[in-house]
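Residue numbers start from 1 in every chain, and the chains themselves are labelled A, B, ... in the order their sequence lines are given, proteins ahead of strands.
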Amino acid sequence: MQVWFRVAIQAKYNKMQKLQSDFYRREDVVQIARELIGKLLISRLSGQTVVARIVETEAYAGAADAASHAYRNRRTKRTEVLFAAGGTSYVYLCYGMHYLFNVVTGREGIPDAVLIRGVEPIEGGGKLSAGKGRQPGAGPAMVSRLMGITLEQNGWNLVGNKLYLAEEKDTELPVAVSPRIGVDYAGGAAKWLYRLYVPDHPHVTPHKLNRKGIVLV
DNA sequence: GCGCCGATTTGCT
DNA sequence: GCAAATCGGCGCG
């Protein structure tokens, strides 16, 4: 493990602060996805507390984004919570077996969201091991498994006590951008650089796109 | 290390 | 009926 990971971990609970609604209700979903890198995800579900640092996200720009479930403002039973105000959770079942956790952003009626794709476990969930050859928390389905998130958490307010995000002061991580993973069907939107991740971090989804990423200054 | 494929069920055409 | 914001196992080399 590299030195700056250790330093960030040791900083943990000193200056932690829960993210409030105004953080989520801003317009620029890509900017929010970038700022979510390094933030903490905390779940207190069924008596377990799990804390993890976000190291990989993807922005989904709602109505204008062919990769979004709410493309062209499509409203169905599933996508309805995407239209809620920023600071709401959107969890859905993917490939019939995986739960994927998103943070809804923007004001009410704007179906933007950020998919949390990778986290580094800090506390709790230690007994849950991911598959061999893969780090726990690396990959969006692994995030939900680690945190204990299921469909039950869909539509939850993220400014609460059971599932929320927090920031620590003085935590800064390098950030890279790439196209999003698994959205080849989305035409031109498949090329958008809406995936943000910490380069060379072990809890980022293993993928060939990691080699093509551009490190932001 | 890489690429292919099956699992499993919902959601929407 | 089919494709899906994925994962892990297998075969190959």
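- At a threshold of 4.0 angstrom between heavy atoms, the contacts of A:Leu115 include nucleobase atoms, whether or not backbone atoms are also involved.
- One N or O on the side chain of A:Arg74 and one on the backbone of A:His69 form a donor-acceptor pair closer than 3.5 Å.
- Checked by distance alone, A:His98 brings no side-chain donor or acceptor within 3.5 Å of a matching partner on the base of C:dA5.
- In the displayed structure, A:Glu152 atom CD is contacted under 6.0 Å by at most 12 heavy atoms of other residues, nucleotides or ligands.
- Counting to the nearest Å, the P atom of B:dT9 and the OH atom of A:Tyr92 are 17 Å from each other.
- Side-chain N or O atoms of A:Gln153 include none that pairs as donor or acceptor with a backbone N or O of A:Ser89 at under 3.5 Å.
- Using a 4.0 Å heavy-atom criterion, one finds that A:Arg78 contacts the sugar-phosphate atoms exclusively.
- Here A:Thr76 reaches the OP1 or OP2 of B:dC12: one of its side-chain N or O atoms lies under 4.0 Å away.
- If you take OH of A:Tyr95 and P of B:dT8, they are 16 Å apart, rounded to a whole angstrom.
- Taking the six-membered ring for Trp and thresholds of 30 and 60 degrees, A:Trp192 and A:Tyr194 have ring planes inclined between 30 and 60 degrees apart.
- Within 6.0 Å of CD in A:Glu27 there are 12 or fewer heavy atoms belonging to other residues, nucleotides or ligands.
- Separating the CG atom of A:Leu196 from the C1' atom of C:dA5 is a distance of 15 Å, rounded to the nearest angstrom.
- In this structure, the nucleotide among B:dC12, B:dT9, C:dA4 sitting nearest to the side chain of A:Tyr185 is C:dA4.
- Within the 4.0 angstrom heavy-atom criterion, only backbone atoms of the sugar-phosphate kind lie near A:Ala141; the bases stay farther away.
- Remark: P of C:dT6 and NZ of A:Lys208 are 13 Å apart, rounded to the nearest angstrom.
- Atom pair A:Arg74:CZ and B:dC12:P shows a separation of 6 Å (rounding to whole Å applied).
- If you measure from atom CE of A:Met97 to atom P of C:dG9, you get 13 Å, rounded to the nearest angstrom.
- Remark: B:dT8 base-pairs with no nucleotide; criterion is Watson-Crick or G-U wobble with both hydrogen-bond distances under 3.5 Å.
- Within 4.0 Å (heavy atoms only), A:Arg72 reaches no atom of the nucleic acid at all.
- Rounded to whole angstrom, the span from the CG atom of A:Asp184 across to the P atom of C:dT6 amounts to 10 Å.
- Taking atom CZ on A:Arg211 and atom C1' on B:dG1, their separation rounds to 9 Å, with Å as the unit.
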